[in-house]
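Every chain is numbered from 1 and lettered A, B, ... according to where its sequence line falls, protein lines coming before strand lines.
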There are 2 protein chains.
Amino acid sequence: MSNVQSLERALTILNKLSEYPDGIQITRLSEQVGLTKGTLHRLLATLASMNYVVKDEETDKYKLGLQVLFLSRNLLNNSNIVTIAKPFLEKLSQEVNETVHLCIEDRGEVIYIDKIESTQTIRMYSRIGSRAPMYCTAVGKILLSGMEQNKFDELVSSFEFIPKTPTTIISKEEFLQEIERVKSQGYALDNAENEAVLMCIAAPIYDHKGKIIASFSISGPNNRVTIDVINSTLIEKMNQYSLAISRNLGYTGS
Amino acid sequence: MSNVQSLERALTILNKLSEYPDGIQITRLSEQVGLTKGTLHRLLATLASMNYVVKDEETDKYKLGLQVLFLSRNLLNNSNIVTIAKPFLEKLSQEVNETVHLCIEDRGEVIYIDKIESTQTIRMYSRIGSRAPMYCTAVGKILLSGMEQNKFDELVSSFEFIPKTPTTIISKEEFLQEIERVKSQGYALDNAENEAVLMCIAAPIYDHKGKIIASFSISGPNNRVTIDVINSTLIEKMNQYSLAISRNLGYTGS
DNA sequence: AAACAGTGTTCCATTATATGATACGATATA
DNA sequence: TATATCGTATCATATAATGGAACACTGTTT
């Protein structure tokens, strides 16, 4: 069954506009989405009439409208995970003074659903709503480690192990070993695999059935989040918070 | 010039779905948006293929997908207002232990662009992205008070002064007097006008040109946020924070 | 001042797309 | 077994959406 072409085009436009928070002009946008200016103009006019897009009259740039924010107002706030985890993650961030994230899996990627910033001036740049690959993030490895085998196999088969940094794992065999390691040790590390210099340690959040439904992480530059700090402090702390958050979601295991 | 019909329909579907965080079934949604099930199904399939909508296979309910969150990731984070105001609003919330909001005007309504929760168990229920009327909210009155006369007249003319509570101002004349009062005193009150029991006090945030670009507020139930507390403590505090935040946005006035 | 270049916007003949009505498949209930 | 209701698929047809071209506007160059 085919899709509705003009709707597909419009959603492609919205996706592209999300890359340009300061807006983009019609001719350039037309090039990027492969539509004639007439068609693009008509689609933008419709999006604008419903506040999905706004046009800056001074610069002729189009950008996303606040209706997108309005749509998203209930997307996370009804989520048990965000609500229950937040106070714990705030406390954790305060204790370690690093940025803490909460992530779930969506369509084979991790998506950031909460973020607690530290007070450090050098910190991980991230956005609620942003997505990242699973194969080179600590939270991604945690989420994969709790996945049902069929889905796990299907996803890993679809991964392109593109090197992001010199330390990215790009061998499927090595990656599968890493996931076994994560399963046995109960936490995962991102050894600057996704972004240079940036270390992360992640742990699982279980639901009442013992299923991994989310993951949270501590992130910081590798001069602060060192292997020593990880081994002496962070592993124990992540285990403690993993259990505390999971308990509040009805988890009864150990 | 007319809009693109199928796109308009799809955006209407997205708007309606945002009211059902737990999802809605096709037949019911078809009734609500006035589309045949065939047309609706085709549009939903397209939305789903691009992750704007997901279908819960167990309940046959459709709901918004996380692509909406992905779109919104840059909507506020690039905003100077949110970034600069946040540490001040966190401090304010901590000092008064009530919920604090940051709002802007968008298309004749206020929209919540940040929220700092207090630790109280009884607190205002609100969502980033949510919208509220301008005529019965403290932040709305602040934003109106700084508006250019033409736009002000146009907006106020369009208001329907629907009573939300027994204390809602529903007379246009009385409302105009209220706005004059806000201008002279430099803060606005919502005397449980939008929601019963809920008191709010709001103050302006100025940009470098002295224009009111946002408003922030303290909200709490009227047994905690009393007229005494407002007069003895909150007015002075709001003035102080209004100036502090505005200074950081380049404001040089008094 | 005139010519040129590039942008955003509008128009219209054409055709490909989206539609509504209907049928089908699945599930639950009597 | 028959019926009711839901979600999904199909298809003939009408119309909506399209691409290309023209137009209006603005800025730059000669």
Quiz item: Of A/Gly38 and A/Leu7, whose closest DNA chain C nucleotide lies nearer the 5' terminus?
Solution: A/Gly38
Quiz item: What is the nucleic acid contact for A/Thr39, judged by heavy atoms within less than 4.0 Å: base, sugar-phosphate only, or nothing?
Solution: base
Practice problem: Send over the distance from A/Glu57 CD to C/dG8 P, rounded to a whole Å. | Solution: 12 Å
Quiz item: Is the backbone N or O of B/Gly253 less than 3.5 Å from a side-chain atom of B/Arg247, with the two atoms forming a donor-acceptor pair by type?
Solution: yes
Self-check item: N/O (side chain, A/Ser6) to phosphate O (OP1/OP2, C/dA18) under 4.0 Å
Solution: yes
Quiz item: Given axes from five pairs at either end, by how many degrees does the helix from C/dA1-D/dT30 to C/dA30-D/dT1 bend, rounded to 10°?
Solution: 30°
Practice problem: Give, ordered by number, those residues of residues 59-67 of chain B having at least one heavy-atom distance below 4.0 Å to an atom of DNA chain C; if nothing qualifies, reply none. | Solution: none
Quiz item: Between B/His41 and D/dG7, does any side-chain N or O lie under 4.0 Å from OP1 or OP2?
Solution: no
Quiz item: What residues, two or more places apart in sequence or in another chain, satisfy ring-ring contact (aromatic ring centres under 6.0 Å, His included) together with B/Phe216?
Solution: none
Practice problem: Examine the side chains of B/Asp153 and B/Gln149 and answer whether a donor and an acceptor come within less than 3.5 Å of each other. | Solution: yes
Quiz prompt | Members of residues 12-34 of chain A that approach DNA chain C, where some heavy atom sits under 4.0 Å away | solution = A/Gln25, A/Ile26, A/Thr27
Practice problem: Return the nearest nucleotide to the side chain of A/Val4; candidates are C/dA18, C/dG20, C/dT9. | Solution: C/dA18
Quiz item: Between A/Glu8 (CD) and C/dA18 (C1'), how many Å, whole number?
Solution: 14 Å
Quiz item: For residues 202-216 of chain B, which residue pairs qualify under side-chain hydrogen bond (donor to acceptor under 3.5 Å, both in side chains), counting only residues two or more places apart or in two chains?
Solution: none
Quiz prompt | Nearest-nucleotide pick for B/Arg9, side chain only, options being D/dT8, C/dT19, C/dT17 | solution = C/dT19
Quiz prompt | Any A/Lys37 side-chain nitrogen or oxygen under 4.0 Å from OP1 or OP2 of D/dC23 | solution = no
Determine all donor-acceptor pairs shorter than 3.5 Å in which one atom belongs to a side chain in residues 134-142 of chain A; sequence neighbours excluded.
from	atom 1	to	atom 2	distance (Å)
A/Tyr135	OH	A/Ile162	N	3.2
A/Tyr135	OH	A/Ile162	O	2.6
A/Thr137	OG1	A/Pro133	O	2.8
A/Thr137	OG1	A/Gly140	N	3.1
A/Lys141	NZ	A/Glu178	OE2	3.0
A/Lys141	NZ	A/Leu189	O	2.7
A/Lys141	NZ	A/Glu193	OE1	2.8
A/Lys141	NZ	A/Glu193	OE2	3.0

Exercise. Taking the side chain as every heavy atom from C-beta outward, state whether B/His41 and B/Tyr62 have any pair of such atoms under 4.5 Å apart.
Key: yes
Self-check item: Minimum-distance nucleotide (side-chain atoms of A/Leu43 versus D/dT18, C/dG8, D/dT8)
Solution: D/dT18
Practice problem: With rounding to the nearest 0.5 Å, note down the distance linking CG in A/Asp114 to CD1 in A/Ile104. | Solution: 11.5 Å
